[in-house]
Engineer: 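The following block contains the structure, expressed as structure tokens.
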Amino acid sequence: MNSKVSQLLAKYRTALVLVMILVIASFLSDSFLSMGNFINVIRQVSINAVIAAGMTFVILTGGIDLSVGSVVAVAGAFSAATLTATQSTFLAVNVGMVTGAIFGLVNGYVIVKEKVPPFIVTLATMALGRGIVLVYTNGSPIAVKVAAFKFIGKGYVFGIPFPVIILLAVYLIAFYVLQNTKFGRNIYCLGGNREATRLSGVNVGRVELMVYVISGLLAGITGVVLAARLGSAQPTAGTGYELDAIAAVILGGTSMTGGQGFIFSTVIGALILGVLSNLLVLMDVNPFATNIVKGIVILLAVVVDNRFKKLSKTK
Amino acid sequence: MESNQILRLEEITKEFPGVKALDQVHLDILRGEVHALCGENGAGKSTLMKIISGAQSFTSGRMFFEGESVQFKTTREAQDIGISMIYQEFNLIPELSVAENLFIGRVPVNQYGKVNWKKLDSDAQVLLKRVGLEISTKQLISELTIGEAQMVEIAKCLSSDAKLIIMDEPTASLTDKEIEFLFQIVDNLKNQGISIIYISHRLDEIFEITDRITVFRDGKYIATKMTSETTHDELVSMMVGKDIHDLYPERKVAVEKEATAVLRVEQANDHQKIHDVSFEVKSGEIVGIAGLLGSGNIRIGKLISGYYGGFDGQVEINGKAVQIHTPSDALEAGISCVSDDRKIEGLVLIRSVKENISLASLHRLLKKRIFSSIDKAKENQVVDHQIERLNIKVSSSDQIAGNLSGGNQQKVVFGKMLETAPQLLILNEPTRGIDIGAKAEIYQIMRELSEQGIGIILASSELPELIGMSDRALVMREGKIVKELMHEDLTQEKVLLYAAGGMKDE
Ligand SMILES: Nc1ncnc2c1ncn2[C@@H]1O[C@H](COP(=O)(O)OP(=O)(O)OP(=O)(O)O)[C@@H](O)[C@H]1O
Ligand SMILES: [Mg+2]
């Protein structure tokens, strides 16, 4: 009886934390519960959540991708430049996505073939990417002026912001891939025990390479969305996004050592972070203090999470 | 009487979500006795030992140590009071040295907190000597063989002044020489008045070194007997609930003289530990590969399974040359290998039994649609089939593999490789940690597979098993095949003689 309750609690703990924060938020601020604010939050969250989806793939294999923030900027800049040169939204979007995927390919290649730890490789490509975008743009933003392109960031379909539609699509596909495909299964097993998975005939190198490509691709998409929403590609765009994405994954309860985790918990983790920042803005908290609150919440969440894990193990 | 008793358990019950691992069991241990705990895989032996050593709590019941009621919250509490345990799963830290592992948490320091490496080293050497290990104290655990690591684990236990030592399948990965040494240690401990709880699936060991035997079945207490007053057969029937007569099933269909070779290996060579090994396995034949630790008898199977990448030499499957560079190449060619190291090479411990069993054969369980999605209905069906066929004790196929008892984990690895439908099945120590009833079942399955024409390589350090099952045996020494023994000539003495290099082959 008792153990069943604690098991259920453990399973849905992330969602519970979100609900708690939502309830508290609606008490603390009147404007929080309005539809307009709700849509606003989700649109903001979609930026981090899409990157965090890719990060979940990477972390499930036991890796990490620090380069995503820089990739957002590079992809945004290349995409905006393509748009300016060709006026083709189609080309611009594709250039952004391919740029992201290529970054992922480089990360994955060095990690798999040269056996360099992911932390080091992606730390290097993070610096590399930021350098590339600064040199390429010479430090100034590239404006985008094509309406079709801007739609990606600002448009609505049936009253739903387009970035939120992208978010939904990304998570549905990610969920399907992780739960139902051989590739998804291999990701979990590889994260759980690389050697046993390799010896079971899985091409672990290819799986690992693919997760970095996915992470890069999703960061590339985010770069395009961000440029479209802001109306320009900023060379400093995406700074610190890797940390937000990792935070969302951790809040979602995915194990940093790999092999265990659930993709929808990541989106809940991203929502927790998003609601929190939104609330602080609504409450007129000093914007410099938001990071303090974020840090405390992450620490708390992880501590509580650990307690839960111990509880469900020993009892 | 009271004072002679060191440990007493009354009506201990332990429940896991969905499983009652122990149901009101009893156990009493006397001072200075070696007490065996016997039972099938999943009977609850390890769980009870974890309770006694403070690694797990119990749901209900009473525990008394030296007459006092106790309930440990940590293993430290149990150690402080004098209970030490050698785990079935290793507890050593691979990246640390032997000496550091031996004194983990108790490293000698000077008054400034600086480690006294000299003392650490000499203390470690004393301990290693006690278990007869001839390795450097500075070696990393990750560089040791499984057997050596196990001996280090035992040495670590000796260092803690225990009054009661628990040994959970300590010999499962030891060589004969190491086992002999262990028995001497056990004898010494006993003479010093230290009590030992000894768990093993090797019944002859139990009759050799224990004073009393307690039997569990399905989490329940069955009986306690004086070892001298019971027999092998009685013990087995108490454990399994029925008699087992023919452990090694007779071959019903003889291997045809002219049978085609499933596997032909020519001049396999990794230029390290395998040197120009050539042999073949006929369709339907079980070929034993014997040898001492490090002789290459385990390694040769792993080599041709692509464990170490490419290698020199030719491999033919059913007369067709195959190139093997990766485990996936080998599986594709029809070679499946059950590893001797289930924790590291066999299982993804944190994932479910289902995911483990289907892992190597997922490509055959796909719906022919986008993304190569898994046909879950079909997957459930094959997984359930293996669970039933191998009699794996699980609460459901979604149970985490790491939560299974040791022997059931081994069966999961076996099931995974059977599911790949191999032409050639390589079994490295396939019955390590498996109970006698399950052993009989696995031998039966090996026999059936061989009668279906599958070739089997059996590399085992358990000679009775190797001799009982093999149609032919190859003896290896220092990476070479030194002797081929046909079934008629296959005796323990001969195998040992050639393995040790006592006789030159003409
Ligand atoms: N953490 C856990 N969660 C759920 N079930 C568990 C857990 N640990 C053990 N069990 C279950 O408890 C039962 C007893 O397991 P235990 O490891 O004690 O068996 P055992 O007698 O040591 O078997 P073996 O001879 O195979 O080592 C098994 O059915 C096992 O699946
Ligand atoms: Mg056990």
Side-chain angles (χ1 to χ4, degrees), chain A residues 1-11 60-62 112 115 172-207 210 214 254-262 309-315, chain B residues 15-18 50 55-57 59 73 302 305-307 326-332 335-339 341-352 354-367 369-376 379 400-403 413 416-417 419-420:
Chain A
M1 230 307 271
N2 219 342
S3 80
K4 261 194 190 143
V5 174
S6 68
Q7 257 183 307
L8 275 180
L9 278 177
K11 195 165 171 194
L60 278 176
T61 65
V112 172
K115 303 198 164 51
L172 285 178
I173 295 174
F175 173 77
Y176 185 84
V177 169
L178 285 175
Q179 297 301 310
N180 292 304
T181 70
K182 184 177 160 209
F183 174 58
R185 193 60 75 74
N186 289 342
I187 288 175
Y188 278 106
C189 289
L190 159 62
N193 183 344
R194 191 176 200 280
E195 185 64 355
T197 306
R198 181 180 79 90
L199 298 177
S200 298
V202 175
N203 187 339
V204 285
R206 195 165 62 199
V207 174
M210 279 302 293
I214 289 172
T254 294
S255 152
M256 288 298 285
T257 49
Q260 276 170 321
F262 191 54
K309 266 187 209 150
K310 267 188 205 144
L311 209 78
S312 58
K313 232 184 226 161
T314 52
K315 286 287 146 98
Chain B
E15 286 175 29
F16 292 110
K50 285 178 193 158
Q56 277 180 358
S57 59
T59 314
K73 285 192 201 66
K302 291 184 174 182
S305 301
Y307 274 40
T326 63
S328 130
D329 290 343
L331 283 161
E332 222 159 275
I335 303 175
S336 292
C337 178
V338 172
S339 164
D341 188 341
R342 64 171 171 259
K343 302 273 175 206
I344 293 174
E345 298 181 338
L347 286 174
V348 185
L349 288 169
I350 60 171
R351 302 302 307 176
S352 70
K354 183 196 293 177
E355 286 165 299
N356 274 286
I357 291 183
S358 63
L359 183 58
S361 50
L362 271 182
H363 55 281
R364 291 194 288 114
L365 300 171
L366 300 180
K367 287 189 266 195
R369 277 205 316 214
I370 43 158
F371 279 163
S372 63
S373 17
I374 300 164
D375 185 340
K376 299 239 170 137
E379 184 189 25
I400 301 300
N403 285 348
V413 182
K416 169 171 80 174
M417 283 312 169
E419 201 46 58
T420 61

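To find a chain, count down the sequence lines: A is the first, B the second, and so on, and within it residues start at 1.
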Engineer: Calculate, to the nearest 0.5 Å, the distance between atoms OG1 and CG belonging to Thr181(A) and Leu366(B) respectively.
Structural biologist: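 The OG1 atom of Thr181(A) sits 9.0 Å away from the CG atom of Leu366(B).
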Engineer: Only pairs of heavy atoms separated by less than 4.5 Å count here; which of Gly306(B), Ser328(B), Pro327(B) has the most with chain A?
Structural biologist: Pro327(B)
Engineer: What part of Glu379(B) gets within 4.5 angstrom of chain A, counting heavy atoms only: side chain, backbone, both, or neither?
Structural biologist: side chain
Engineer: Can you tell which part of Leu347(B) gets under 4.5 Å to a heavy atom of chain A, answering side chain, backbone, both or neither?
Structural biologist: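 Contact with chain A: backbone only.
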Engineer: So Lys376(B) and Asn180(A), do their side chains get closer than 4.5 Å, heavy atoms only?
Structural biologist: yes
Engineer: Are Arg351(B) and Arg185(A) packed together at the side-chain level, in the sense that at least one heavy-atom pair is separated by less than 4.5 angstrom?
Structural biologist: no
Engineer: For Lys416(B), which atoms come within 4.5 Å of any heavy atom of chain A: side chain, backbone, both, or neither?
Structural biologist: side chain
Engineer: Could you state the interatomic distance from CG (Leu190(A)) to CG (Leu359(B)), rounded to the nearest 0.5 Å?
Structural biologist: 10.0 Å
Engineer: Flag the one option from Ser200(A), Gly259(A), Gly191(A) with the top tally of heavy-atom pairs under 4.5 Å to chain B.
Structural biologist: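 Answer, by heavy-atom pair count under 4.5 Å with chain B: Ser200(A).
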Engineer: Has Arg206(A) got more than 12 heavy atoms of other residues, nucleotides or ligands less than 6.0 Å from its CZ?
Structural biologist: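 Counting other residues, nucleotides and ligands, CZ of Arg206(A) stays at 12 neighbours or fewer.
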Engineer: Check step by step if salt bridge (charged side-chain N to carboxylate O under 4.0 Å, His left out) holds for Lys343(B) and Glu195(A).
Structural biologist: CA-CA 10 Å; Lys343(B) 302 273 175 206; Glu195(A) 185 64 355; over 6 Å; no
Engineer: So which part of Gln56(B) gets closer than 4.5 Å to some heavy atom of chain A, the side chain, the backbone, both or neither?
Structural biologist: neither
Engineer: Who wins among Asn403(B), Ile350(B), Leu331(B), Asp375(B) for the most heavy-atom pairs under 4.5 Å with chain A?
Structural biologist: Ile350(B)
Engineer: Do Asn203(A) and Thr326(B) have side chains that get closer than 4.5 Å, going by heavy atoms?
Structural biologist: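 No, too far: nothing below the 4.5 Å cut-off.
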Engineer: Relative to chain B, which of Asn193(A), Thr197(A), Val177(A) shows the most heavy atom pairs under 4.5 Å?
Structural biologist: Asn193(A)
Engineer: Please state whether the side chain, the backbone, both or neither of Ser358(B) comes within less than 4.5 Å of a heavy atom of chain A.
Structural biologist: side chain
